[in-house]
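Structure first, commentary second.
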Amino acid sequence: SDSISSAATFPSNNSNSNPIMTKTTAEEDIGSNMTPRRRNMSTIGNGEIMFSPLEIGDDGDGADGDGDGDGDAELVNPLVDPACSHVDQEHHGAGPPGSASNPQVIVNIIISFVGAGLLAMPDAFCQSGWLLGTVALLLVSAFNVYAMLCLPEVQKLLQQRFPDETIVSYGDLGRVVLGKKGEQVIFVCLGISQAGFATAYIIFISANLQSIYGWDRFAICVSCVPVLLGLVQFRELSSLSPFSMLANAANFCALSAVLFQDYENYTPHNDTIHKAKPEGILHVIAITIYSMEGVGLVLSLKSSCKRPQDFSFLLIATLSTISLFMVVFGSAGYWAFGNATMAPITLNMGSHLSATFVKCALSLGLYLTFPIMMFPIWNIIETPTTNRTSRVLLRSSTVICSCVVAYLVPNFGKFLALVGSSICTLLGFVFPSYFHLSVVGKDLPLYQKCIDVVLLVGGLSFGCVETYKSIIDMLAGELEEH
């Protein structure tokens, strides 16, 4: 799901704070007495989130789901909830409703789900055909929303069955349903997905800078490392707020310009614009899953609502609109460039001044987003006993590994397909449907049981087939280096 916006906010709660939005000063750093598994990781952004909400809490409660409040107004982010300082015993971890109005929730859903995966959608439509791609995208999006809405239902029922348990995160659901190892598996998947999203940024940057200046990709990937080594060492997300604001400004401007460039560059060409190419169906499904993945944000988004009863409608309406925009974006790119459509679509924009601005703006925005996307990983893998030297080495080696992978896998679209078909499929379809069947199954109507089974079996089958295909393509050297 990637950068952070300070514009859209989840207003803070009053003294009766939602427990998943609260954190004490003593727990603010990684070296607190709470281990990563006891921290509330409900808001890890396992979706491709180019514009995830970052805001200033009104009274320090950090009401956007990550809880950075310590009595001072500071930036907080629903991608990361480093600690959960206390649990409202009366609500047993469910907490009172938040104070975000419906328009604020809509804005935060939009900036949490619109991301870099959008830039690979025209190429996906090129491979599947615009009509088949449209149908596949809308169906996958519908199933994706259904799977997301399963989690609050499962959370509510589990909280009723186990009132003494704190169940506020995706990892908590894994722990209660599958045991301690289930929680660990969820966290590992979330961590891998975050690393995958960040690595995709480096692939994007190297491809675009090479297309502008003709620089060697290896040199570009290496040059990305030094500054990132410094940025990832910050221990507080609020320290990255100036970079996140600059990244958002660049990202919003550039993405808007891309669609305009599609229109401006549209000229009649001899390429046949296919309606359907069945051989590309798995690829467009994988890209859609990557682009729409945001299941790790659902519980915190709902907790932020002043009117939780409206959340399902807001999520369905907003993601339906986003899906339609993705259809327009994908179709416009394919129609404009035909069989020459590439991933990311910015590679089709030439080297004139406006295209160079768009490429550089997006590259800068994604580069500054990289350390923010990596932040949840530190909360998972670092422990209270991790000393400074170990922390620096761990974070630095992760950045270097990410850049090495970005160099070895030059094709942006295929890498997104790999991440989407593997980790994102597990997080977005397999686990939610399994949790739903396990916890609510006996009370479900037949049609919902059938949907859950389809998502579970279909998700596993699709994940295995498309992951294998993507890996084989890479090993066989069939990926084009743009």
Side-chain angles (χ1 to χ4, degrees), residues 2-3 48 50 115-124 126-127 195-229 231 246-247 250-251 253-255 257-259 261-262 264-265 283 287 290 333-334 336-371 373 399-419 470 473-482:
D2 298 292
S3 71
E48 193 287 30
M50 191 186 300
L118 190 65
L119 299 171
M121 196 56 67
D123 175 67
C126 179
Q127 295 191 37
F197 304 145
T199 301
Y201 298 163
I202 304 299
I203 298 175
F204 177 91
I205 292 168
S206 63
N208 279 274
L209 293 185
Q210 184 184 45
S211 73
I212 298 171
Y213 304 108
W215 296 341
D216 181 70
R217 287 191 63 260
F218 178 78
I220 297 172
C221 291
V222 170
S223 65
C224 287
V225 173
V227 175
L228 291 178
L229 290 181
L231 292 178
L246 178 59
N251 286 331
C253 290
L255 268 185
V258 169
L259 194 57
Q261 289 278 332
D262 286 343
E264 188 180 52
N265 284 281
H283 182 75
I287 296 297
Y290 179 99
Y334 177 35
F337 300 106
N339 296 335
T341 305
M342 293 186 282
I345 188 63
T346 50
L347 297 180
N348 286 105
M349 294 172 60
S351 56
H352 50 86
L353 184 61
S354 59
T356 299
F357 166 77
V358 169
K359 294 177 183 180
C360 290
L362 278 172
S363 295
L364 175 63
L366 295 181
Y367 185 77
L368 295 178
T369 303
F370 183 99
M373 288 301 293
V399 170
I400 293 172
C401 287
S402 178
C403 290
V404 169
V405 172
Y407 172 70
L408 295 175
V409 186
N411 188 290
F412 181 75
K414 286 295 184 180
F415 183 78
L416 264 58
L418 175 62
V419 177
S470 298
D473 284 348
M474 294 176 185
L475 293 177
E478 293 177 6
L479 301 179
E480 297 179 4
E481 183 173 353
H482 298 309

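- Taking 4.5 Å as the limit, some side-chain heavy atom of Phe415 sits within range of a side-chain heavy atom of Val405.
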Open item on the list: Could you go through Asp473 and Lys414, starting from their C-alpha distance and side-chain angles, then the distance that decides it, and tell me whether this counts as side-chain contact (heavy atoms from CB on, under 4.5 Å)?
Closed with: CA-CA 9 Å; Asp473 284 348; Lys414 286 295 184 180; 3.3 Å; yes

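- A search for side chain to side chain donor-acceptor pair (under 3.5 Å) contacts involving Thr341 returns nothing, not counting sequence neighbours.
- The minimum heavy-atom distance linking Ile212 with Cys360 is given by the pair CD1-SG, 3.9 Å.
- Of all heavy-atom pairs spanning Phe337 and Asn348, the tightest one is CE2-O, 3.3 Å.
- Minimum interatomic distance between Phe412 and Ala343 (heavy atoms only, all atoms of both residues): CB-O, 3.7 Å.
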TODO: Run the numbers on Tyr407 and Ile202 for side-chain contact (heavy atoms from CB on, under 4.5 Å), then give the verdict.
DONE: CA-CA 8 Å; Tyr407 172 70; Ile202 304 299; over 6 Å; no

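- Taking all atoms of both residues into account, the shortest heavy-atom contact from Ala200 to Tyr290 is CB-OH, 3.7 Å.
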Open item on the list: Evaluate Asn411 against Ile203 for side-chain contact (heavy atoms from CB on, under 4.5 Å), listing each step before the verdict.
Closed with: CA-CA 7 Å; Asn411 188 290; Ile203 298 175; over 6 Å; no

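- To the nearest 0.5 Å, the span separating CG on Leu118 from CD1 on Ile287 amounts to 11.0 Å.
- Rounding to the nearest 0.5 Å gives a distance of 9.0 Å between SG of Cys126 and CD1 of Ile345.
- The CE atom of Met342 sits 7.5 Å away from the OG atom of Ser211 when rounded to the nearest 0.5 Å.
- Shown here for Ser363 and Ile205, the closest heavy-atom pair between the two residues is O-CD1, 3.6 Å.
- Rounding to the nearest 0.5 Å places CG of Leu416 at 8.5 Å from CZ of Phe197.
- No side-chain heavy atom of Phe370 sits less than 4.5 Å from a side-chain heavy atom of Leu231.
- Here the straight-line distance linking atom CD of Gln210 with atom CZ of Arg217 works out to 6.5 Å at 0.5 Å rounding.
- Contact check for Lys359 versus Leu209: no side-chain heavy atoms found under the 4.5 Å cut-off.
- When every heavy atom of Ser402 is checked against every heavy atom of Thr199, the shortest pair comes out as OG-OG1, 2.7 Å.
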Open item on the list: Evaluate Tyr367 against Cys224 for side-chain contact (heavy atoms from CB on, under 4.5 Å), listing each step before the verdict.
Closed with: CA-CA 8 Å; Tyr367 185 77; Cys224 287; 3.8 Å; yes

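- A distance of 5.0 Å separates CG of Asn208 from CG of Leu347, quoted to the nearest 0.5 Å.
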